[in-house]
Amino acid sequence: MVSCNRYAQLEVTTTKKAMPSTTPENVITDQMRSFIGVASRPVSYEISRWDVARFACAIGDANPLYSDEAAARESAISGLIAPPTYLRSLLPGPSHEPFPEPFAHILDAGSRYRFLHPVRVGDVITVSRTLKDMFTKSGRLGTMLFKVREITYTNQLGQIVATQETTTITYGERSGDDAGSDFGEIG
Amino acid sequence: MSTPQEGSLHRPLPGIHTHLWFEDVSEGDELPSLEVHPTTQQLVMYAGASGDFVPIHYDMDVAQAAGHDSVIIHGALKSAWLAQVVTDWLGDSGWMRDFAVQYRGIDYPNEKKTCRGRVKSKRVEGEAGLVEIELSLEDASGTVTTPATALVELPRRQSR
(Lines give C-alpha, C1' and ligand atoms only; values in the text may rest on other atoms or scores of the structure.)
Protein backbone atom coordinates (compact mmCIF):
# COMPACT_ATOMS: atom_id res chain seq x y z
CA MET A 1 0.00 0.00 0.00
CA VAL A 2 1.14 3.50 -0.71
CA SER A 3 0.90 5.89 2.16
CA CYS A 4 -0.95 8.88 0.79
CA ASN A 5 1.03 11.41 2.75
CA ARG A 6 4.54 10.12 2.37
CA TYR A 7 5.73 13.49 1.18
CA ALA A 8 4.08 15.34 4.00
CA GLN A 9 6.36 13.43 6.34
CA LEU A 10 9.39 15.01 4.79
CA GLU A 11 11.10 17.07 7.42
CA VAL A 12 12.92 19.95 5.88
CA THR A 13 15.50 21.49 8.12
CA THR A 14 15.66 25.21 7.74
CA THR A 15 17.14 28.21 9.54
CA LYS A 16 20.86 27.81 9.08
CA LYS A 17 22.82 26.48 6.18
CA ALA A 18 25.58 24.43 7.73
CA MET A 19 28.63 23.84 5.64
CA PRO A 20 28.43 20.25 4.52
CA SER A 21 30.96 18.03 6.23
CA THR A 22 30.38 15.31 3.68
CA THR A 23 32.62 15.05 0.68
CA PRO A 24 31.57 13.43 -2.57
CA GLU A 25 33.83 10.51 -1.75
CA ASN A 26 32.28 9.44 1.53
CA VAL A 27 28.57 9.79 0.84
CA ILE A 28 27.66 6.49 -0.79
CA THR A 29 27.85 3.62 1.65
CA ASP A 30 27.77 -0.11 1.00
CA GLN A 31 24.32 -0.19 2.57
CA MET A 32 23.13 2.40 0.06
CA ARG A 33 24.69 0.44 -2.79
CA SER A 34 22.75 -2.65 -1.71
CA PHE A 35 19.57 -0.92 -2.97
CA ILE A 36 20.81 -0.86 -6.56
CA GLY A 37 18.90 -3.30 -8.74
CA VAL A 38 16.27 -4.19 -6.12
CA ALA A 39 12.73 -3.54 -7.33
CA SER A 40 10.18 -1.77 -5.16
CA ARG A 41 7.08 -3.65 -4.10
CA PRO A 42 4.72 -3.52 -7.09
CA VAL A 43 1.59 -1.41 -6.72
CA SER A 44 -1.43 -1.63 -9.04
CA TYR A 45 -3.79 1.18 -9.94
CA GLU A 46 -7.17 1.06 -11.66
CA ILE A 47 -7.21 3.96 -14.06
CA SER A 48 -10.47 5.79 -13.50
CA ARG A 49 -12.08 8.34 -15.75
CA TRP A 50 -12.43 10.73 -12.84
CA ASP A 51 -8.76 10.53 -11.84
CA VAL A 52 -7.54 11.10 -15.41
CA ALA A 53 -9.89 14.06 -15.80
CA ARG A 54 -8.71 15.52 -12.51
CA PHE A 55 -5.05 15.20 -13.55
CA ALA A 56 -5.74 16.75 -16.97
CA CYS A 57 -7.52 19.62 -15.21
CA ALA A 58 -4.60 20.13 -12.83
CA ILE A 59 -2.08 20.46 -15.67
CA GLY A 60 -4.52 22.65 -17.62
CA ASP A 61 -4.79 20.34 -20.64
CA ALA A 62 -8.23 20.43 -22.26
CA ASN A 63 -7.46 17.71 -24.83
CA PRO A 64 -10.73 15.83 -25.41
CA LEU A 65 -8.86 12.52 -25.54
CA TYR A 66 -8.55 12.83 -21.73
CA SER A 67 -12.01 14.04 -20.81
CA ASP A 68 -14.60 13.80 -23.62
CA GLU A 69 -15.66 10.19 -23.86
CA ALA A 70 -17.73 10.49 -27.03
CA ALA A 71 -15.06 12.46 -28.90
CA ALA A 72 -12.32 10.11 -27.70
CA ARG A 73 -14.29 7.05 -28.81
CA GLU A 74 -14.62 8.45 -32.35
CA SER A 75 -10.93 9.32 -32.57
CA ALA A 76 -8.18 7.13 -33.95
CA ILE A 77 -7.28 6.34 -30.31
CA SER A 78 -10.75 4.75 -29.80
CA GLY A 79 -11.42 5.81 -26.22
CA LEU A 80 -10.29 7.89 -23.30
CA ILE A 81 -6.58 7.83 -22.53
CA ALA A 82 -4.38 9.47 -19.91
CA PRO A 83 -1.97 12.35 -20.64
CA PRO A 84 1.65 11.16 -21.05
CA THR A 85 2.88 12.50 -17.72
CA TYR A 86 -0.15 11.14 -15.84
CA LEU A 87 2.22 8.28 -15.06
CA ARG A 88 3.80 10.59 -12.47
CA SER A 89 0.69 10.24 -10.33
CA LEU A 90 0.99 6.43 -10.19
CA LEU A 91 3.40 6.44 -7.29
CA PRO A 92 5.67 3.43 -6.90
CA GLY A 93 5.48 1.41 -3.70
CA PRO A 94 8.09 1.49 -0.99
CA SER A 95 11.45 -0.17 -1.33
CA HIS A 96 12.09 -3.33 0.67
CA GLU A 97 13.43 -1.21 3.50
CA PRO A 98 13.81 2.54 4.02
CA PHE A 99 16.67 4.00 2.00
CA PRO A 100 19.34 5.43 4.36
CA GLU A 101 19.06 8.90 2.90
CA PRO A 102 21.97 11.08 4.01
CA PHE A 103 20.58 14.44 2.87
CA ALA A 104 17.73 16.76 3.81
CA HIS A 105 16.59 18.35 0.56
CA ILE A 106 15.42 16.93 -2.73
CA LEU A 107 15.38 18.21 -6.30
CA ASP A 108 13.94 16.62 -9.39
CA ALA A 109 16.58 16.71 -12.13
CA GLY A 110 14.53 15.29 -14.98
CA SER A 111 12.89 12.31 -16.60
CA ARG A 112 13.11 10.24 -19.73
CA TYR A 113 9.94 8.43 -20.76
CA ARG A 114 9.41 5.73 -23.34
CA PHE A 115 5.79 5.29 -24.33
CA LEU A 116 4.89 1.93 -25.87
CA HIS A 117 1.08 1.79 -25.54
CA PRO A 118 -1.62 4.23 -24.46
CA VAL A 119 -2.76 4.17 -20.83
CA ARG A 120 -6.52 3.80 -21.16
CA VAL A 121 -9.29 4.53 -18.73
CA GLY A 122 -10.23 1.14 -17.31
CA ASP A 123 -6.69 -0.24 -17.44
CA VAL A 124 -4.99 -1.66 -14.38
CA ILE A 125 -1.41 -0.40 -14.32
CA THR A 126 1.22 -2.02 -12.13
CA VAL A 127 4.15 0.15 -11.15
CA SER A 128 7.60 -1.01 -10.15
CA ARG A 129 10.68 1.09 -9.51
CA THR A 130 14.33 0.06 -9.45
CA LEU A 131 17.34 2.12 -8.44
CA LYS A 132 19.73 1.86 -11.39
CA ASP A 133 22.62 4.10 -10.44
CA MET A 134 23.90 6.47 -7.80
CA PHE A 135 26.69 9.01 -7.99
CA THR A 136 27.81 12.22 -6.34
CA LYS A 137 28.85 15.63 -7.62
CA SER A 138 29.98 18.82 -5.99
CA GLY A 139 28.34 22.09 -6.88
CA ARG A 140 26.70 25.23 -5.65
CA LEU A 141 24.61 23.18 -3.23
CA GLY A 142 27.62 21.35 -1.79
CA THR A 143 27.77 17.61 -2.19
CA MET A 144 24.85 16.28 -4.19
CA LEU A 145 23.70 12.69 -4.42
CA PHE A 146 22.17 11.70 -7.75
CA LYS A 147 19.85 8.71 -7.94
CA VAL A 148 18.78 7.31 -11.28
CA ARG A 149 15.71 5.12 -11.08
CA GLU A 150 13.73 3.26 -13.68
CA ILE A 151 10.00 2.94 -13.22
CA THR A 152 8.13 0.37 -15.29
CA TYR A 153 4.39 0.60 -15.95
CA THR A 154 2.68 -2.64 -17.01
CA ASN A 155 -0.99 -3.05 -17.95
CA GLN A 156 -3.45 -5.84 -17.16
CA LEU A 157 -2.48 -7.63 -20.39
CA GLY A 158 1.11 -7.85 -19.24
CA GLN A 159 2.26 -5.24 -21.76
CA ILE A 160 4.81 -2.71 -20.62
CA VAL A 161 3.00 0.52 -21.52
CA ALA A 162 5.80 2.89 -20.53
CA THR A 163 9.04 3.31 -18.67
CA GLN A 164 10.30 6.41 -16.91
CA GLU A 165 13.93 6.96 -16.03
CA THR A 166 14.00 9.63 -13.38
CA THR A 167 16.93 11.44 -11.79
CA THR A 168 16.66 13.01 -8.35
CA ILE A 169 19.23 15.03 -6.46
CA THR A 170 19.45 15.20 -2.69
CA TYR A 171 21.69 17.64 -0.84
CA GLY A 172 22.15 19.52 2.40
CA GLU A 173 22.95 18.14 5.81
CA ARG A 174 20.08 16.74 7.80
CA SER A 175 19.73 17.19 11.53
CA GLY A 176 20.22 14.21 13.83
CA ASP A 177 16.47 13.98 14.44
CA ASP A 178 15.39 13.13 10.95
CA ALA A 179 18.38 11.06 9.90
CA GLY A 180 17.26 7.88 8.25
CA SER A 181 13.74 8.93 7.34
CA ASP A 182 12.81 8.08 3.80
CA PHE A 183 11.41 10.99 1.83
CA GLY A 184 13.13 9.64 -1.10
CA GLU A 185 10.77 9.40 -3.94
CA ILE A 186 9.41 11.75 -6.49
CA GLY A 187 7.47 9.92 -9.17
CA MET B 1 -3.65 28.12 -24.34
CA SER B 2 -2.04 27.39 -27.62
CA THR B 3 -1.10 30.40 -29.67
CA PRO B 4 -0.46 29.73 -33.33
CA GLN B 5 2.57 31.58 -34.58
CA GLU B 6 3.37 32.89 -37.97
CA GLY B 7 5.11 30.24 -39.99
CA SER B 8 4.15 27.49 -37.63
CA LEU B 9 2.27 24.38 -38.59
CA HIS B 10 -1.42 25.06 -38.28
CA ARG B 11 -2.81 23.28 -35.26
CA PRO B 12 -4.65 26.04 -33.49
CA LEU B 13 -6.43 24.06 -30.78
CA PRO B 14 -6.04 20.84 -28.92
CA GLY B 15 -8.23 18.51 -30.87
CA ILE B 16 -8.57 15.22 -32.51
CA HIS B 17 -9.13 13.92 -36.01
CA THR B 18 -6.04 15.72 -37.13
CA HIS B 19 -4.29 14.54 -40.23
CA LEU B 20 -0.69 15.32 -39.67
CA TRP B 21 1.41 13.35 -42.14
CA PHE B 22 5.08 12.61 -41.97
CA GLU B 23 5.57 14.01 -45.48
CA ASP B 24 4.12 17.39 -44.50
CA VAL B 25 6.65 17.99 -41.73
CA SER B 26 9.98 19.69 -42.44
CA GLU B 27 13.09 20.23 -40.43
CA GLY B 28 12.92 23.60 -38.70
CA ASP B 29 9.10 23.71 -38.56
CA GLU B 30 7.82 25.27 -35.39
CA LEU B 31 5.07 23.63 -33.42
CA PRO B 32 2.37 25.93 -32.06
CA SER B 33 3.68 27.28 -28.78
CA LEU B 34 1.85 26.97 -25.47
CA GLU B 35 1.72 29.91 -23.10
CA VAL B 36 0.82 29.17 -19.50
CA HIS B 37 0.16 31.40 -16.51
CA PRO B 38 0.60 29.14 -13.51
CA THR B 39 -0.77 30.20 -10.12
CA THR B 40 -0.11 28.87 -6.65
CA GLN B 41 -3.59 27.37 -6.88
CA GLN B 42 -2.47 25.31 -9.86
CA LEU B 43 0.54 24.06 -7.88
CA VAL B 44 -1.80 22.87 -5.14
CA MET B 45 -4.05 21.21 -7.73
CA TYR B 46 -1.00 19.53 -9.25
CA ALA B 47 0.26 18.38 -5.85
CA GLY B 48 -3.10 16.80 -5.15
CA ALA B 49 -3.49 15.22 -8.58
CA SER B 50 0.07 13.90 -8.80
CA GLY B 51 0.65 12.97 -5.15
CA ASP B 52 3.85 15.05 -5.06
CA PHE B 53 3.63 16.78 -1.69
CA VAL B 54 7.22 17.98 -1.43
CA PRO B 55 6.52 21.15 0.62
CA ILE B 56 8.72 23.52 -1.38
CA HIS B 57 5.84 23.61 -3.89
CA TYR B 58 3.20 24.92 -1.48
CA ASP B 59 4.81 26.03 1.81
CA MET B 60 6.22 29.54 1.61
CA ASP B 61 8.33 29.13 4.77
CA VAL B 62 10.03 26.05 3.36
CA ALA B 63 10.61 27.74 0.00
CA GLN B 64 12.08 30.85 1.61
CA ALA B 65 14.31 28.79 3.90
CA ALA B 66 15.68 27.15 0.77
CA GLY B 67 16.53 30.59 -0.62
CA HIS B 68 13.54 31.23 -2.90
CA ASP B 69 11.27 34.26 -2.96
CA SER B 70 8.23 32.08 -3.48
CA VAL B 71 7.15 28.48 -3.78
CA ILE B 72 8.53 26.81 -6.90
CA ILE B 73 6.84 24.97 -9.75
CA HIS B 74 7.00 21.16 -9.79
CA GLY B 75 9.38 20.01 -12.51
CA ALA B 76 6.85 17.39 -13.52
CA LEU B 77 4.19 20.05 -14.09
CA LYS B 78 6.58 21.79 -16.47
CA SER B 79 7.11 18.46 -18.22
CA ALA B 80 3.33 18.13 -18.60
CA TRP B 81 3.18 21.46 -20.46
CA LEU B 82 6.10 20.55 -22.71
CA ALA B 83 4.51 17.19 -23.52
CA GLN B 84 1.28 19.02 -24.32
CA VAL B 85 3.02 21.01 -27.04
CA VAL B 86 3.68 17.69 -28.74
CA THR B 87 0.32 16.02 -28.06
CA ASP B 88 -1.64 19.12 -29.19
CA TRP B 89 0.31 19.04 -32.43
CA LEU B 90 -0.18 15.30 -32.92
CA GLY B 91 -3.88 15.16 -32.13
CA ASP B 92 -4.79 11.52 -32.68
CA SER B 93 -2.70 11.05 -35.78
CA GLY B 94 0.64 10.03 -34.31
CA TRP B 95 2.32 8.71 -31.22
CA MET B 96 4.94 10.19 -28.92
CA ARG B 97 7.45 7.39 -28.38
CA ASP B 98 10.06 9.13 -26.25
CA PHE B 99 10.04 12.26 -24.16
CA ALA B 100 13.02 13.50 -22.11
CA VAL B 101 13.14 16.62 -19.96
CA GLN B 102 15.85 18.28 -17.88
CA TYR B 103 15.05 20.68 -15.07
CA ARG B 104 17.99 23.05 -15.28
CA GLY B 105 16.42 26.12 -13.73
CA ILE B 106 13.83 26.89 -11.07
CA ASP B 107 10.52 28.41 -12.13
CA TYR B 108 8.06 30.38 -10.06
CA PRO B 109 4.28 30.78 -10.30
CA ASN B 110 2.53 34.03 -11.22
CA GLU B 111 4.84 34.56 -14.18
CA LYS B 112 4.14 33.68 -17.79
CA LYS B 113 5.93 30.64 -19.21
CA THR B 114 6.18 29.83 -22.89
CA CYS B 115 6.67 26.30 -24.16
CA ARG B 116 8.05 25.94 -27.66
CA GLY B 117 8.75 23.07 -30.01
CA ARG B 118 10.69 22.78 -33.25
CA VAL B 119 11.25 19.92 -35.66
CA LYS B 120 14.91 19.00 -35.35
CA SER B 121 15.07 16.15 -37.84
CA LYS B 122 13.04 13.44 -39.53
CA ARG B 123 13.84 9.99 -40.77
CA VAL B 124 12.25 6.72 -41.87
CA GLU B 125 13.07 3.64 -39.83
CA GLY B 126 11.56 0.48 -41.20
CA GLU B 127 7.99 1.56 -42.00
CA ALA B 128 7.90 4.24 -39.34
CA GLY B 129 8.15 7.96 -40.03
CA LEU B 130 10.01 9.39 -37.08
CA VAL B 131 10.34 13.05 -36.16
CA GLU B 132 12.65 14.45 -33.51
CA ILE B 133 11.44 17.54 -31.74
CA GLU B 134 13.36 20.00 -29.59
CA LEU B 135 11.32 21.61 -26.84
CA SER B 136 11.95 24.37 -24.35
CA LEU B 137 10.21 26.17 -21.55
CA GLU B 138 11.09 29.85 -21.23
CA ASP B 139 10.38 32.03 -18.25
CA ALA B 140 9.00 35.55 -18.56
CA SER B 141 12.49 36.95 -19.24
CA GLY B 142 13.00 34.56 -22.14
CA THR B 143 15.48 32.32 -20.32
CA VAL B 144 15.17 28.64 -21.13
CA THR B 145 14.94 26.83 -17.80
CA THR B 146 13.72 23.49 -19.05
CA PRO B 147 14.88 21.91 -22.29
CA ALA B 148 13.29 18.72 -23.54
CA THR B 149 13.24 16.44 -26.55
CA ALA B 150 10.60 14.19 -28.04
CA LEU B 151 10.58 11.47 -30.67
CA VAL B 152 7.25 11.03 -32.41
CA GLU B 153 5.97 8.63 -35.02
CA LEU B 154 3.73 10.08 -37.72
CA PRO B 155 1.64 8.22 -40.30
CA ARG B 156 3.08 8.10 -43.81
CA ARG B 157 1.12 8.69 -46.98
CA GLN B 158 3.61 6.61 -48.90
CA SER B 159 3.76 3.68 -46.53
CA ARG B 160 3.31 0.35 -48.28
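Naming: A, B, ... by sequence-line order, numbering from 1 per chain.
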Is there a path from [X] to [Y] through hydrophobic residues (I, L, V, M, F, W, Y) whose side chains come within less than 4.5 Å of each other?
{"X": "B:Leu20", "Y": "B:Leu135", "result": "yes"}
{"X": "A:Tyr45", "Y": "A:Ile59", "result": "yes"}
{"X": "A:Ile36", "Y": "A:Val27", "result": "yes"}
{"X": "B:Leu130", "Y": "B:Phe22", "result": "no"}

| request: Let me know if A:Pro84 has heavy atoms under 4.5 Å from chain B in its side chain, its backbone, both or neither. | output: side chain

| request: Sort A:Leu116 into side chain, backbone, both or neither according to what part of it lies under 4.5 angstrom from a heavy atom of chain B. | output: backbone

Of all heavy-atom pairs between [X] and [Y], which one has the smallest distance, and what is that distance?
{"X": "B:Ser79", "Y": "A:Thr85", "result": "OG-CG2, 3.6 Å"}
{"X": "B:Thr87", "Y": "A:Asn63", "result": "O-ND2, 4.3 Å"}
{"X": "B:Asp92", "Y": "A:Ala76", "result": "OD2-N, 2.6 Å"}
{"X": "B:Gly48", "Y": "A:Arg54", "result": "O-NH2, 3.6 Å"}
{"X": "A:Asp108", "Y": "B:Ala76", "result": "OD2-N, 4.3 Å"}

Please check if atom [atom1] in [X] has more than 12 non-hydrogen atoms from other residues, nucleotides or ligands closer than 6.0 Å.
{"X": "B:Arg118", "atom1": "CZ", "value": "yes"}
{"X": "B:Glu111", "atom1": "CD", "value": "yes"}
{"X": "B:Lys122", "atom1": "NZ", "value": "yes"}

Pairwise distance [atom1]([X]) to [atom2]([Y]) - rounded to 0.5 angstrom:
{"X": "B:Ser50", "Y": "A:Leu91", "atom1": "OG", "atom2": "CG", "value": "7.5 Å"}
{"X": "A:Phe115", "Y": "B:Met96", "atom1": "CZ", "atom2": "CE", "value": "4.5 Å"}
{"X": "B:Tyr46", "Y": "A:Ser89", "atom1": "OH", "atom2": "OG", "value": "7.5 Å"}

| said: Please list all pairs meeting ring pair (Phe, Tyr, Trp, His ring centres under 6.0 Å) that have one or both residues in residues 63-94 of chain A, counting only residues at least two apart or in different chains. | reply: A:Phe55-A:Tyr86

| Which pairs count as ring pair (Phe, Tyr, Trp, His ring centres under 6.0 Å) when at least one residue sits in residues 92-119 of chain B, sequence neighbours excluded? | B:His68-B:Tyr108

| remark: Greatest number of non-hydrogen atom pairs under 4.5 angstrom with chain A, of B:Ala83, B:Ala80, B:Ala150, B:Pro38, falls to B:Ala80

| query | So do B:Gln84 and A:Pro83 actually touch side chain to side chain, heavy atoms under 4.5 Å? | reply | no

| query | Is a side-chain donor or acceptor of B:Asp98 paired with a backbone partner of A:Arg114 at a separation under 3.5 angstrom? | reply | no

| Looking only at atom types and distance, does a side-chain atom of B:Gln102 sit under 3.5 Å from a main-chain N or O of A:Ala109, one as donor and one as acceptor? | no

